[in-house]
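One structure below.
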Amino acid sequence: MQKVALKDQIYQNILNEIQYGKLSTNAIINEKDFTEKFAVSKTPVREALVRLCSEGILENLPRYGYRLIPVTQSEIQEIIEYRKIVEIEALRISYHFIGPVEIDQLRALDASGQEALESRNARLSWEINEKFHWELANLCPNRYFRSTIKNALSVGNRYANQYYSSIWTDEKPVDRSHTKIVDALEMGELEKAQEILIFDIELMKSILF
């Protein structure tokens, strides 16, 4: 097994903190925060922070540190439109590879997602939602689609957590889109499953905005 470089481990750790809302938007962070937290030297931390800057996630503020760049509505809308295109096509390609075993796996994830929604656990809800969509996309035999969707889901999840990390402060109806998608696939109704998938992806807008 290939060993993961320390700078890549630190990068992923910081990204996870951003993705799960542990770092506040516009808060100033510096290298010392992470060298102490992860008990490492400055070099891998600096390399990780520079990488996050190059990806447009952080902004370098000379002599001050780094700032988490706020996510805008337009960025969220862009990732939603992008996801609709690639996930719908991936479902079309993978449709004939979905059998009873795959249906059971999707139903298990859907059940976990419903529990998270009912508990009003926002972070867990986003995480399980991402897992459901990834499980569906991972059935696609085209590796380029899988890679693209995995990245889009990760970005979308980070956007959601940064933009509005407490979506369940108000009572929201528990959505059953995932259940309906699985039901449609089990009944052999691809077009119906695609329509519900589009609705489910677009639901992110009504939740966040």
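Within the structure, ring-ring contact (aromatic ring centres under 6.0 Å, His included) pairs that include any residue of residues 30-60 comprise F34-F38 (at least two apart or interchain). For residues 130-147, the salt bridge (Lys or Arg N to Asp or Glu O under 4.0 Å) pairs, not counting sequence neighbours, are E127-K131.
Cluster annotation: V71 and Y82 are assigned to the same hydrophobic cluster (Ile/Leu/Val/Met/Phe/Trp/Tyr, side-chain heavy-atom contacts under 4.5 Å, transitive). Cluster membership for L136 and I85, using ILVMFWY side-chain heavy atoms within less than 4.5 angstrom, is not shared. Both L6 and L15 are assigned to one and the same hydrophobic cluster, defined by single-linkage of ILVMFWY side chains at heavy-atom distances under 4.5 Å. In the hydrophobic clustering of ILVMFWY residues, with side-chain heavy atoms under 4.5 Å counting as a link, I69 and Y11 come out apart.
Note that the CG atom of L91 and the CD1 atom of I181 stand 8.0 Å from one another [nearest 0.5 Å]. Of the inter-residue distances, the one linking Y66 atom OH with C53 atom SG reads 5.5 Å to the nearest 0.5 angstrom. Going from atom NZ of K180 over to atom CG of D183 covers 9.5 Å, rounded to the nearest 0.5 Å. The CG atom of L139 sits 14.0 Å away from the CZ atom of F145 when rounded to the nearest 0.5 Å. Summarising the geometry, atom CZ belonging to R63 is positioned 15.0 Å from atom CG belonging to N30; distances are rounded to the nearest 0.5 Å. To the nearest 0.5 Å, the span separating CD on E87 from OG on S94 amounts to 10.5 Å.
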Residues 43-52 side chain polar contacts: donor-acceptor under 3.5 Å, at least two apart:
| unit_1 | atom_1 | unit_2 | atom_2 | d |
| --- | --- | --- | --- | --- |
| R46 | NE | E31 | OE2 | 3.0 |
| R46 | NH2 | E31 | OE1 | 3.1 |
| R51 | NE | E55 | OE2 | 3.3 |
| R51 | NH1 | D8 | OD1 | 3.3 |

Can you give the donor-acceptor pairs under 3.5 Å from side chains of residues 186-195 to other protein atoms, not counting sequence neighbours?
| unit_1 | atom_1 | unit_2 | atom_2 | d |
| --- | --- | --- | --- | --- |
| E186 | OE1 | R107 | NH2 | 2.7 |
| Q194 | NE2 | I88 | O | 3.4 |

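For the pair S177 and I196, the tightest heavy-atom approach, listed with the atom from each and the gap, is O-CG2, 3.5 Å. What you find for I57 and I18 is that their closest heavy atoms are CG2-CD1, 3.7 Å.
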Practice task
Decide side chain to side chain contact (heavy atoms under 4.5 Å, CB included) for L153 and N129; before the verdict, give the C-alpha distance in whole Å, the side-chain angles of both, and the deciding distance to 0.1 Å.
Solution key: CA-CA 9 Å; L153 287 171; N129 179 68; 6.0 Å; no

Problem - Verdict with supporting geometry, W134 and K150, side chain to side chain contact (heavy atoms under 4.5 Å, CB included) - result: CA-CA 6 Å; W134 169 239; K150 189 174 184 64; 3.7 Å; yes

Handout entry: Worked check of side chain to side chain contact (heavy atoms under 4.5 Å, CB included) between E89 and R92
Key = CA-CA 5 Å; E89 182 61 16; R92 183 191 67 77; 2.5 Å; yes

Handout entry: Residue pair R67, I29: steps toward the side chain to side chain contact (heavy atoms under 4.5 Å, CB included) verdict
Key = CA-CA 6 Å; R67 179 182 72 100; I29 58 178; over 6 Å; no

Problem - Residue pair E17, K37: steps toward the salt bridge (Lys or Arg N to Asp or Glu O under 4.0 Å) verdict - result: CA-CA 12 Å; E17 295 211 351; K37 185 167 192 174; 2.4 Å; yes

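For the 3.5 Å distance criterion, the side chains of Q12 and N16 qualify, holding a donor opposite an acceptor.
No side-chain heavy atom of I149 sits less than 4.5 Å from a side-chain heavy atom of R83. Inter-residue side-chain proximity for P141 and I93 is flagged as met; some heavy-atom pair is nearer than 4.5 Å.
Checking side-chain atoms of S154 against main-chain N and O of N151 turns up no donor-acceptor pair under 3.5 Å.
For F132, the ring-ring contact (aromatic ring centres under 6.0 Å, His included) partners are H178, not counting sequence neighbours.
The residue from I80, T72, I76 that alone fulfils the side-chain contact (heavy atoms from CB on, under 4.5 Å) condition with Y159 is I76.
Grouped with I28 in one hydrophobic cluster are L61, Y64, the linkage being side-chain heavy-atom contacts under 4.5 Å among Ile, Leu, Val, Met, Phe, Trp and Tyr residues.
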